[in-house]
Amino acid sequence: MAALAYITALNQALHDEMARDDRVCVFGEDVRIGLTQVAKGLHDRFGDGRVVDTPLSEQAFTSLATGAAMAGQRPVVEYQIPSLLYLVFEQIANQAHKFSLMTGGQVEVPVTYLVPGSGSRSGMAGQHSDHPYSLFAHVGIKTVLPATASDAYGLLLSAVRDPDPVAVFAPSALMGTVEEVSGELGPVPLGSARIHRTGEDVTVVATGQCVHVALAVAEAMADEASIEVVDPRTIYPVDWETIRASAEKTGRLVVIDDANRMCGFGGEVLATAAEQFDLTARPRRVTRPDGAVIPYALVLDQALLPDAAQLTDAIRAVLK
């Protein structure tokens with residue numbers, strides 16, 4: 001067994017994929033010095049032509065990546081703050097995402113949009129704390145949210161190799177986490193969920209850093225209930241087969257999702273469960289509040305995020 005840090009896994013995936021495929025390149029602000037540590041060492045190893053420091057204009061370098069992908073490259077675009085994706089949503093959703101269909105498959109746009117620092121980290125305040133992955137899933141962009149180091153490595157490999165645009169959200173809260181891994185790491189298929197803990201009484205579907213919250217709660221409640229923890233890993237496409245099989249086995253479903261409640265991924269899971277799953281209890285969700293804007297004040301910051309206490313209450317509610 002070896003200890004692998006989440007942020008090291010992202011960095012190693014980029015090193016390995018750039019060594020394997022000379023079409024892979026990295027664009028972004030301060031990527032030559034590896035400011036976020038995700039691109040650490042890439043410039044020294046692969047040089048100016050493949051690791052490109054860009055001006056402070058997300059709209060410009062996102063469009064540059066689209067053109068590079070159409071010309072045969074496989075760009076990885078790093079954004080330091082998730083809210084910057086709002087600036088470039090038109091380029092991603094209306095241009096890169098649609099070119100393949102609009103050209104009858106003559107053009108592929110294999111761009112990876114990497115956000116190492118998504119979600120809330122204490123003190124990041126309103127403009128740096130959003131987690132907008134549901135927005136990308138809504139328009140049909142392949143969207144990835146790894147919860148562990150091994151999945152961060154494997155899902156990033158698959159994202160870079162995919163012929164379509166893929167958004168990879170790497171939560172701030174997970175950057176310092178470490179996973180014990182054994183054997184060689186490899187690609188993790190997009191659209192495949194992971195069961196982190198098996199159980200018989202309740203299924204908890206958890207995303208990103210909420211996977212670790214769910215596992216802690218499952219352990220703490222082990223004397224009350226046998227809880228199964230399912231990590232979708234890919235927000236779009238969703239592995240509905242795994243989620244449905246787990247939920248129908250236990251008959252009870254709770255979703256914990258670190259995104260706003262309205263039109264969020266958690267709501268989509270509950271809607272699909274209501275339409276298609278055979279459950280014995282009404283499903284519940286634990287999310288950020290509707291329209292949540294994370295304040296700078298730390299006590300308010302923490303109060304707005306889904307936590308273990310809320311998840312525990314939701315599980316007890318479906319057990320009644």
Side-chain angles (χ1 to χ4, degrees), residues 3-21 23-56 58 61-62 64-65 68-69 73-85 88 92 110-121 124 128-133 136 142-162 165-179 181 185-188 190 208-209 233:
L4 179 65
Y6 189 101
I7 195 166
T8 302
L10 293 172
N11 178 254
Q12 188 61 51
L14 290 177
H15 272 277
D16 291 350
E17 200 60 12
M18 291 183 75
R20 189 190 72 87
D21 186 345
R23 297 173 298 170
V24 180
C25 51
V26 177
F27 300 157
E29 298 157 8
D30 300 317
V31 292
R32 288 188 181 181
I33 62 171
L35 182 65
T36 65
Q37 301 301 304
V38 171
K40 182 179 179 181
L42 294 178
H43 180 256
D44 291 341
R45 184 176 178 185
F46 299 105
D48 292 346
R50 298 180 64 194
V51 183
V52 181
D53 256 349
T54 62
L56 187 62
E58 283 74 22
F61 63 73
T62 300
L64 172 65
Q73 302 301 300
R74 290 185 171 270
V76 177
V77 187
E78 182 188 318
Y79 302 92
Q80 294 182 0
I81 300 167
S83 299
L84 296 173
L85 292 169
V88 298
I92 298 173
V111 184
T112 301
Y113 307 104
L114 177 58
V115 192
S118 62
S120 182
R121 183 175 62 223
M124 295 298 285
H128 291 180
S129 299
D130 286 1
H131 223 171
Y133 46 81
F136 286 77
K142 295 173 183 177
T143 305
V144 169
L145 184 60
T148 65
S150 60
D151 285 339
Y153 178 90
L155 289 167
L156 182 52
L157 285 191
S158 294
V160 175
R161 296 177 187 181
D162 199 89
V166 182
V168 178
F169 289 85
S172 298
L174 295 178
M175 287 299 178
T177 60
V178 175
E179 180 185 13
V181 297
L185 298 175
V188 172
L190 304 184
Q209 66 264 36
R233 299 198 290 196

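A quick note: this is a predicted structure, and the numbers were derived from the prediction, not measured.
In plain terms, the two heavy atoms of Q209 and P171 that are nearest each other are OE1-CB, 3.1 Å. Residues H15 and F46 approach most closely at O-CZ, 3.7 Å, considering heavy atoms. In plain terms, the two heavy atoms of T36 and P116 that are nearest each other are OG1-CG, 4.1 Å. Shortest non-hydrogen contact noted between L4 and S150 is CD2-N, 4.4 Å. Heavy atoms only, all atoms of each residue included: A149 and E179 are closest at N-OE1, 3.3 Å. In terms of heavy-atom proximity, A65 sits nearest to F27 at CA-CE1, 3.7 Å.
A search for side-chain contact (heavy atoms from CB on, under 4.5 Å) contacts involving I7 returns Q37, V38, M175, not counting sequence neighbours. Applying the side-chain contact (heavy atoms from CB on, under 4.5 Å) test to R23 and every residue at least two apart in sequence or in another chain returns D21, Q73, R74. Residues passing the side chain to side chain donor-acceptor pair (under 3.5 Å) test with E58: none are found, sequence neighbours excluded. Not counting sequence neighbours, the partners of K142 by the side chain to side chain donor-acceptor pair (under 3.5 Å) test are D162, D164. Residues that satisfy the side-chain contact (heavy atoms from CB on, under 4.5 Å) test with A39, not counting sequence neighbours, are V31, L42, E78. Judged as a side chain to side chain donor-acceptor pair (under 3.5 Å), and not counting sequence neighbours, the contacts of T62 are Y79. Taking T143 as the reference, nothing meets the side chain to side chain donor-acceptor pair (under 3.5 Å) condition, with sequence neighbours excluded. Applying the side-chain contact (heavy atoms from CB on, under 4.5 Å) criterion to T177, with sequence neighbours excluded, gives Y6, L174. Evaluation of the salt bridge (charged side-chain N to carboxylate O under 4.0 Å, His left out) rule for R45 yields no partner, not counting sequence neighbours.
In this pair, F169 and F136 present their aromatic rings perpendicular. The plane angle is above 60°, beyond the 30 to 60° band.
Between V76 and E17, every side-chain heavy-atom pair lies at or beyond the 4.5 Å cut-off. Counting heavy atoms from C-beta outward, Q12 and L185 have side chains that stay 4.5 Å or more apart.
The backbone N or O of L190 sits nowhere less than 3.5 Å from a side-chain atom of R233 that would complete a donor-acceptor pair.
Within the model, atoms OG1 of T112 and CG of L155 stand 11.5 Å from one another, a figure rounded to the nearest 0.5 Å. Here L10 contributes atom CG and L157 contributes atom CG; the two are 10.5 Å apart, rounded to the nearest 0.5 Å. Y113 OH to L85 CG: the interatomic distance, rounded to the nearest 0.5 Å, is 10.0 Å. Summarising the geometry, atom OG1 belonging to T148 is positioned 13.5 Å from atom OH belonging to Y153; distances are rounded to the nearest 0.5 Å. We find the CG-CG distance between L156 and N11 to be 10.0 Å, quoted to the nearest 0.5 Å.
The salt bridge (Lys or Arg N to Asp or Glu O under 4.0 Å) pairs that include a residue from residues 28-38 are R32-D48, where partners are two or more places apart or lie in different chains.
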